[in-house]
Enquirer: 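I have a structure I would like to understand better, so I am pasting it below and will then ask my questions one at a time.
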Amino acid sequence: MSKSMSRRSFLQKSGTAALGLTIIPNMVMGKSFSGVAAPSDKLNIAVVGIGGMGNANLKAVSPTENIVALCDVDWKYAAKVFKENPNAKKYWDWRKMYDEMGKSIDAVIVATADHTHAIIASTAITMGKHVYVQKPLTHSVYESRLLTKLAAKYKVATQMGNQGSSGPGVRQVCDWIWNGEIGEVKRVDTFTDRPIWPQGLNTPAQGMWVPDTLNWDLFTGPAKLVPYNEIYHPWNWRGWWNYGTGALGDMACHIMHPIFKGLQLGYPTKVQGSSTLLLTDCAPTAQTIRYTFPARNIPKIAKVKFPEVEVHWYDGGIKPVMPQGWPAGKNMNDAGGAAIFYGTKDTLICGCYGVNPWLLSGRKPIVPKTQREVTLSHEMDWVRACKENPESRVETASNFSEAGPFNEMVVMGVLAVRLQSLNKELEWDGANMQFNNISDSDKFKMTVSDDFKIVDGDPKFDKTTIDIDAKPFAQELIKHTYRDGWKLPDMPL
């Protein structure tokens, strides 16, 4: 070989030229020579939960990638998607799909109900599969911590489905804050126009026959098994604690992401929740939450300081008070909600997903851009990352190293609401995932049902309550006890 000819050019001019190929496709060899799918290769993707957002995610990747397996517990709800993807093998149970097709699957999209995100995704990660998981990332704090650790250990490409993180709005919010355009931020108000599904409901008194097209046991997964009722599925599951995280879990991952990223937040130290009637099984109609985050020292961002900050959340039709100087007649709701950053120099407002950032003063700052511009869709940016070598991979906009800690913040709000009857601000030890001021003797009452009817012209109220031991209840919210037969991977956290 000539000393002037590099090894790369030699390979290009000899073996690969003779074969007429630049790479050997994944379908032939299973993986490229490096053990990572080459950029021009196609991923074999499985999708779990295809009736709703999973279908949107599927459509975003299917033009360029192979959809090899589809899994859903409701084949009536999923029928259209099965029909549109005839080459994909159909499954009821993701565990069977992993057993039968694990070796031929490169990546998994998880778009099931919140309570099954963690077990489906964590199992895939331990098999070396890349994962895209819809928001909220998980149903509990522990599950978020687990996915964060597993993704780092197995070096897979990850993405949470808060698509605004790939948009220009979030990057602009960060750049304005980091350039000192609004000064120090000590308070942020957020809200959403959700829920748009029913909440604040009593638990159904009777079950219903399970449709032949639905596997209710598989839908329930690791949660407590209760009689099926159409009020739970499809779609309405978001408002039931067994399966969802209410309006907060649905929308905070979109609305709060520019706050978490722009203010470089970590674990909150204090949290307090309040709501309309709180029931044991169903999320309240409306709620508000206050998080307190300690001061942060961020050496890489020298133009602004990050003092202690309060972040306030409102949903169910409640909005924050408009800041002084708000344009008369301007709707605060932008694409489903908004975030208002109160700085010492100016006030920054952006809509849901971080869209349309603007300053209350009317200034339009021109500042250096500090972050990678995402030119692909949120899903396709994940596909790109799946095909890159872990050592040189450009991480996605909402990879689990960020999405995991961020989701802990989101679901912490659920804990604050469900523990509100303790009547105190809760002190959170993030590193150890525990509350410091809930004692063994703390108890509170929780409403099981609240009925009202008129009997012979008189109002009759029927409110049923139970006594709750606060500490074990809180521990169960932090780390769920899974139903027999369902288990998360073991990993020290």
Enquirer: Mark yes or no: Arg171 above the aromatic ring of Trp176, with NZ or CZ under 6.0 Å from the six-membered ring centre and no more than 45 degrees from the axis.
Expert: no

Enquirer: What about Trp75 and Phe82, are their ring centers closer than 6.0 Å?
Expert: yes

Enquirer: Are Met256 and Met409 side-chain neighbours, meaning at least one heavy-atom pair lies under 4.5 Å?
Expert: yes

Enquirer: Within 45° of the ring axis of Trp358 and under 6.0 Å from its six-membered ring centre, is that where the NZ or CZ of Lys330 lies?
Expert: yes

Enquirer: Within a strict 4.5 Å, meaning less than it, do heavy atoms of the Val311 and Asp189 side chains meet?
Expert: no

Enquirer: Quick one about Ser144 and Asn407 (side-chain donor to acceptor, distance below 3.5 Å, no hydrogens or angles considered), yes or no?
Expert: yes

Enquirer: Assess the side chains of Gln134 and Asn57: does a donor N or O sit below 3.5 Å from an acceptor N or O?
Expert: yes

Enquirer: Under a plain distance cut-off of 3.5 Å, with no hydrogens placed, do His233 and Asp74 share a side-chain donor-acceptor pair?
Expert: yes

Enquirer: What's the separation between atom CD1 in Ile349 and atom CD1 in Ile340, rounded to the nearest 0.5 Å?
Expert: 6.0 Å

Enquirer: Give a yes or no on whether a salt bridge exists between Asp250 and Arg238, defined as a side-chain N under 4.0 angstrom from a carboxylate O.
Expert: yes

Enquirer: Do Glu402 and His257 have side-chain atoms, one donor and one acceptor, less than 3.5 Å apart?
Expert: yes

Enquirer: Relative to each other, are the rings of Phe219 and Trp216 parallel, tilted or perpendicular (30° and 60° limits)?
Expert: parallel

Enquirer: Are the side chain of Asn333 and the backbone of Gly336 linked by a donor-acceptor contact shorter than 3.5 Å?
Expert: yes

Enquirer: Using the side chain to side chain donor-acceptor pair (under 3.5 Å) rule, take Thr269 and Glu427 through it: C-alpha gap first, then chi angles, then the decisive distance, then the call.
Expert: CA-CA 6 Å; Thr269 52; Glu427 298 173 359; over 6 Å; no

Enquirer: How far apart are the closest heavy atoms of Ile289 and Gly413, and which atoms are they?
Expert: CD1-O, 3.6 Å

Enquirer: Inspect the contact between Lys453 and Asp458 and indicate whether a charged nitrogen and a carboxylate oxygen are less than 4.0 angstrom apart.
Expert: no

Enquirer: Verify the distance criterion only: is there a donor paired with an acceptor across the side chains of His139 and His480 at less than 3.5 Å?
Expert: yes

Enquirer: Testing the basics here: between Gln264 and Phe306, what is the closest heavy-atom pair and its distance to 0.1 Å?
Expert: CG-CZ, 4.4 Å

Enquirer: Please round to the nearest 0.5 Å and tell me the distance separating atom OG1 of Thr190 and atom CD1 of Ile255.
Expert: 6.5 Å

Enquirer: Looking at Val226 and Tyr232, what are the two nearest heavy atoms and their distance?
Expert: CG2-CE1, 4.1 Å

Enquirer: Do the side chain of Arg296 and the main chain of Leu263 share a donor and acceptor less than 3.5 angstrom apart?
Expert: yes

Enquirer: Starting at NZ of Lys153, measure out to CG of Leu146 and round the result to the nearest 0.5 Å.
Expert: 10.5 Å

Enquirer: Hey, mind stepping through Thr126 and Tyr154 against side-chain contact (heavy atoms from CB on, under 4.5 Å) and telling me if it holds?
Expert: CA-CA 7 Å; Thr126 60; Tyr154 287 91; 4.0 Å; yes

Enquirer: Given Met332 and Phe191, is the side-chain contact (heavy atoms from CB on, under 4.5 Å) satisfied, shown in steps?
Expert: CA-CA 9 Å; Met332 191 182 289; Phe191 83 96; 3.5 Å; yes

Enquirer: Determine the minimum heavy-atom distance between Cys352 and His254, stating which atoms define it.
Expert: SG-CB, 3.7 Å

Enquirer: Which pair of heavy atoms, one from Gln199 and one from Pro284, lies closest together, and at what distance?
Expert: NE2-O, 2.6 Å

Enquirer: So with a 6.0 Å cut-off around CD of Gln371, is the heavy-atom count from everything else above 12?
Expert: yes

Enquirer: So do the side chains of Arg95 and Trp486 get within less than 4.5 Å of each other, counting heavy atoms only?
Expert: yes

Enquirer: Within this structure, what is the CZ-CD distance for the pair Phe435 and Gln475, rounded to the nearest 0.5 Å?
Expert: 10.5 Å

Enquirer: Is the closest side-chain heavy-atom distance between Val108 and Val47 below 4.5 Å?
Expert: no

Enquirer: Should the pair His378 and Tyr132 be assigned to parallel (<30°), tilted (30 to 60°) or perpendicular (>60°) ring geometry?
Expert: perpendicular

Enquirer: Kindly say whether Ser140 contributes a backbone atom to a donor-acceptor pair with the side chain of Glu143 at under 3.5 angstrom?
Expert: yes

Enquirer: Are the side chain of Arg145 and the backbone N or O of Leu493 linked by a donor-acceptor pair below 3.5 Å?
Expert: no

Enquirer: May I ask you to check whether Thr203 and Asp281 show a side-chain donor-acceptor distance below 3.5 Å?
Expert: yes

Enquirer: Can you name the nearest heavy-atom pair linking Gly239 to Trp197, along with the distance?
Expert: N-NE1, 3.6 Å

Enquirer: Should Asp114 and Thr245 be marked as a side chain to side chain donor-acceptor pair (under 3.5 Å) after you check the CA-CA gap, both sets of side-chain angles, and the distance that decides it?
Expert: CA-CA 7 Å; Asp114 301 350; Thr245 45; 2.9 Å; yes

Enquirer: With heavy-atom distances below 4.5 Å as the criterion, would you say the side chains of Gln206 and Pro227 are in contact?
Expert: no

Enquirer: Side-chain contact, heavy-atom cut-off 4.5 Å: Trp94 with Val110?
Expert: no

Enquirer: Kindly indicate whether a cation-pi arrangement holds for Lys96 with Tyr91, taking the cut-offs as under 6.0 Å to the six-membered ring centre and within 45° of the axis.
Expert: no

Enquirer: Under a 3.5 Å threshold, yes or no: a donor from one side chain and an acceptor from the other, between Asp450 and Asn202?
Expert: no

Enquirer: Nearest 0.5 Å please: distance from the OG atom of Ser165 over to the CZ atom of Phe260.
Expert: 12.5 Å

Enquirer: Verify the distance criterion only: is there a donor paired with an acceptor across the side chains of Gln287 and Thr276 at less than 3.5 Å?
Expert: no

Enquirer: Salt-bridged, Asp106 to Lys129, with N to O below 4.0 Å?
Expert: no

Enquirer: Is Lys186 paired with Glu310 through a side-chain N to carboxylate O contact shorter than 4.0 Å?
Expert: no

Enquirer: As a test of understanding, state which of Val48, Ile50, Ile109 forms a side chain to side chain contact (heavy atoms under 4.5 Å, CB included) with Leu70.
Expert: Ile50

Enquirer: Between CG of Leu279 and CH2 of Trp241, what distance do you get to the nearest 0.5 Å?
Expert: 10.0 Å

Enquirer: Would Glu425 and Arg290 count as a salt bridge (Lys or Arg N to Asp or Glu O under 4.0 Å) here? Give the steps.
Expert: CA-CA 9 Å; Glu425 189 171 43; Arg290 182 181 68 195; 3.0 Å; yes

Enquirer: May I ask you to say whether Lys471 pairs ionically with Asp440, meaning some side-chain N is under 4.0 Å from a carboxylate O?
Expert: yes

Enquirer: Measure the shortest side-chain to side-chain distance between Trp235 and Ile196 over non-hydrogen atoms and say whether it is less than 4.5 angstrom.
Expert: yes

Enquirer: Step by step, work out the side-chain contact (heavy atoms from CB on, under 4.5 Å) result for Asp334 and Val355.
Expert: CA-CA 8 Å; Asp334 188 355; Val355 300; 3.9 Å; yes

Enquirer: Are a donor atom and an acceptor atom from the side chains of Ser439 and Ser441 found within less than 3.5 Å of each other?
Expert: yes

Enquirer: Would you confirm whether Asn432, through its side chain, and Gln434, through its main-chain N or O, come within 3.5 Å as a donor-acceptor pair?
Expert: no

Enquirer: Under 3.5 Å, is there a donor-acceptor pair between the Asn162 and Ser398 side chains?
Expert: yes

Enquirer: Counting only heavy atoms from other residues, nucleotides and ligands, does the tally under 6.0 Å from NZ of Lys149 exceed 12?
Expert: no

Enquirer: When you compare the side chain of Leu376 with that of Trp382, does any pair of heavy atoms fall below 4.5 Å?
Expert: no

Enquirer: Under a 4.0 Å N-O cut-off, is there an ion pair linking Glu379 with Lys59?
Expert: no

Enquirer: For the residue pair Trp313 and Asp315, confirm or rule out a side-chain donor-acceptor distance under 3.5 Å.
Expert: yes

